[in-house]
Structure formats: C-alpha cells, structure tokens
Protein chains: 2
Amino acid sequence: MQIDAVDQRIIALLVADARASYADIGTRVSLSAPAVKRRVDRLRATGVIRGFTAVVDPAAVGWTTEAFVELFCAGRTTPAQIGVATRRHPEVVGAYTVSGEADALVHLRAADIAHLEAALERLRGESFVTSTRSTIVLSRLVESPGVGPSSRTP
Amino acid sequence: MQIDAVDQRIIALLVADARASYADIGTRVSLSAPAVKRRVDRLRATGVIRGFTAVVDPAAVGWTTEAFVELFCAGRTTPAQIGVATRRHPEVVGAYTVSGEADALVHLRAADIAHLEAALERLRGESFVTSTRSTIVLSRLVESPGVGPSSRTP
DNA sequence: TGTGAAAGAGTGACTTG
DNA sequence: CAAGTCACTCTTTCACA
C-alpha cells in the first residue's frame, strides 16, 4: 500500500496524540476533517495504523521490574513457536528472534523481583527452551512508543 | 498517588483503545461519562497516563531493521548522561541501564542495514562509549505497547 | 457522583474539481 | 478518485445539585 507525505504527517500527529480531533489534524495538514477521517480509516484498514493506546507509567501500575532474557532453544524451534509461547506470558512485553549466540530475546516486565523470577521460571518451563541468560534493567532511560519519530523518512 | 480498581479498569480499557468514548468506558465500569472524564483527567495530571498514541506498523513506515546494542561505557558515566546522549539519536526507541557485563542496552530501529550501521556509528561516536556489541533482530514476535496487560494486578 | 445543556466532534450522503 | 460541504447524531465538557 502507498502512503504519501500527508499520510506521514497524519501518522506523526496521531503518534504524538492519539486523541487529537480530525478537525485539529486537518488544520495542521490543510485538509477538511472528513478527508482526514477517510485517510485514517484507510490507514487502519490496511494495517499501517494498528490501533490507539494509552501510554501508562509502568511504575504507577506497579510493574516496576524489568529484564531482558536471552532464550536458547532446542534445535528445531520455529520463530512462530517462540512467538506463540511467549505471548502466553503476560509479563512479556516484547519478543524477538535475533542473530548471535541466543535464539531469541524476550523483554519482561513484572511487579518485583519475586514476580520476575516466577515469570522467568514459567518461561524456562516451555518445552523448547534449553537455557536462558537474564539481564536485569536497572533504569529505563528512553522508551518511545509508536515507531519513534515517524515524521522522519530515512 | 492512589489508584483504585475502577481506575485500573479504565486504564486497561484505554490501553486497549485510546479513542474509546467516555460514555463507552462509563458503561463498562458503571460510571457516568463525566465521572470517567474526571478520573482520566486526574490520571493524566498525576502522570499515571502519560499520553495517547497511535500504534504504527514499523514496516509500513519503512523502519524495518532493528537491533539491540549493548553499550560499554567509560568508568565514570552516569545513567543520566547515557539517557541524554541516546535520546539525541532518532533511531533509539529504547535505552536501559542493565546489570551484567554491559552498562546499557539500547534498542535501535532503522530503515535498513545501512541506516542501522550509520546510527550505530553515530552512537559509538559518543564520548563515553568504549565499545559496543550488537544483536540484530531477525523477526519481531511480540511487541505490546503500553504497559502490557494492565488489567492484571500481580 | 449524577444531571442537563451548550459547544464541539464524528460520520454519512451528496456535490465538485 | 479524492476533497469539500452540509446535516444529523453522538461526545465532550461545563455548571450545579
């Protein structure tokens, strides 16, 4: 699907504030509100915009402990398998297959160290996991939602 | 600040759909629309809800290459220093100080390998960086926005 | 917190370049 | 075909009980 410069700007504005009105966006991109709505509808329908979400301070909700866990998997493990398995754990906020020694990298978020340990144990219980290597997050310095500065086109 | 069970449910609903109407949320939590608005306003004012954003398919915007980079830093480098420095790079979508060998873990997103390489070079140019170790993301399996399933309280 | 009223936003049908 | 206009409905958001 083709997205033009106006779409880009609309996306950037929605990433900055998902509750902005179509009229507001319209004035910023020189379009009428219905025109903006049609574009947003199209972007949602084609999957460019996956949805709208609230950005919550994890500490405020009590999920304050984070870790990155490298997963070493059994010989014939597919990415899809890892995806399905990791998605089952609510503590998993990110999972990626990666190059290098490990097969996958899993981003965990939990209430505290005890909760994190429990989640890790559960993860290690997955049949295809042969071993893990954890890295505890000491502090979160940057965490952009969305796709980063989507106003830029590289 | 104190957030009760109703706040939790409102947060969960907004994470699921940031554009839900107050009336809609209200029926789900048995409150009137203005009551919901007042709670959301309070949650925003106190920083529990940091904002509302659109979740964009990175591939659709052309940022399709990702990496995790471990940063090894000079002796007296503060987390704040790393935070300020990494925030300068638009490719950085996440940065954390971590336990283990490395001092920090940086999550990069770029258009392609060339762009990623350029970003990495720029990052390595930061005065306090002594060395880096990169892990390329092969596929994204899970990536939850917000705070994960915030309907759960651990 | 709920109610009700005024202002504003979302959305469909229709028209125009 | 995509944008603009208009009309109608639903939301937001205020004051007050």
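Quick note on labels: first sequence line is chain A, next is B, and so on, each numbered from 1.
Along DNA chain D, the stretch of nucleotides lying under 4.0 Å from any heavy atom of chain A spans, 5' to 3', D:dA3 to D:dT12.
In this structure, B:Val98 belongs to a hydrophobic cluster whose other members, linked by side-chain heavy atoms under 4.5 Å apart, are A:Phe68, A:Tyr96, A:Val98, A:Leu105, A:Val137, B:Phe68, B:Tyr96, B:Leu105, B:Val137.
Atom CZ of B:Arg88 is separated from atom CZ of B:Arg122 by 11.0 Å, given to the nearest 0.5 angstrom. The CG atom of B:Leu120 lies 10.5 Å from the CD1 atom of B:Ile113; values are rounded to the nearest 0.5 Å. Residue B:Leu123 holds its CG atom at 9.0 Å from OG of B:Ser134, rounded to the nearest 0.5 Å.
One N or O on the side chain of A:Arg9 and one on the backbone of A:Arg28 form a donor-acceptor pair closer than 3.5 Å. Within the 3.5 Å criterion, the main-chain N or O of A:Phe72 finds a donor-acceptor partner in the side chain of A:Thr130.
Under a hydrophobic clustering in which Ile, Leu, Val, Met, Phe, Trp and Tyr are joined whenever their side-chain heavy atoms come within less than 4.5 Å, directly or via other members, A:Val6 and A:Ile3 fall into the same cluster. Cluster annotation: B:Val61 is connected to A:Val29 through the hydrophobic network of ILVMFWY side chains, with a link wherever side-chain heavy atoms come within less than 4.5 Å. Both B:Ile136 and B:Leu71 are assigned to one and the same hydrophobic cluster, defined by single-linkage of ILVMFWY side chains at heavy-atom distances under 4.5 Å. Residues A:Phe128 and A:Val69 share a single hydrophobic cluster, defined by chaining ILVMFWY side chains whose heavy atoms lie under 4.5 Å apart.
Partner of A:Val142 under the side-chain contact (heavy atoms from CB on, under 4.5 Å) criterion, chosen from B:His89, B:Arg87, B:His107: B:Arg87.
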(request) Starting at the 5' end of DNA chain C, write a dot or bracket for each base, bracketing those in Watson-Crick or G-U wobble pairs whose two distances are under 3.5 Å and using | for partners on another strand. (result) |||||||||.|||||||

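Residues satisfying the salt bridge (charged side-chain N to carboxylate O under 4.0 Å, His left out) test with A:Asp112, not counting sequence neighbours, are none.
DNA chain D lies under 4.0 Å from at least one heavy atom of each of the following residues of residues 17-27 of chain B: B:Ser21, B:Tyr22, B:Ala23. For DNA chain D, the neighbouring residues in residues 30-37 of chain A, judged by any heavy atom under 4.0 Å, are A:Leu31, A:Ser32, A:Pro34, A:Ala35.
A donor and an acceptor atom never sit less than 3.5 Å apart when one is taken from the side chain of A:Arg38 and the other from the base of C:dG12.
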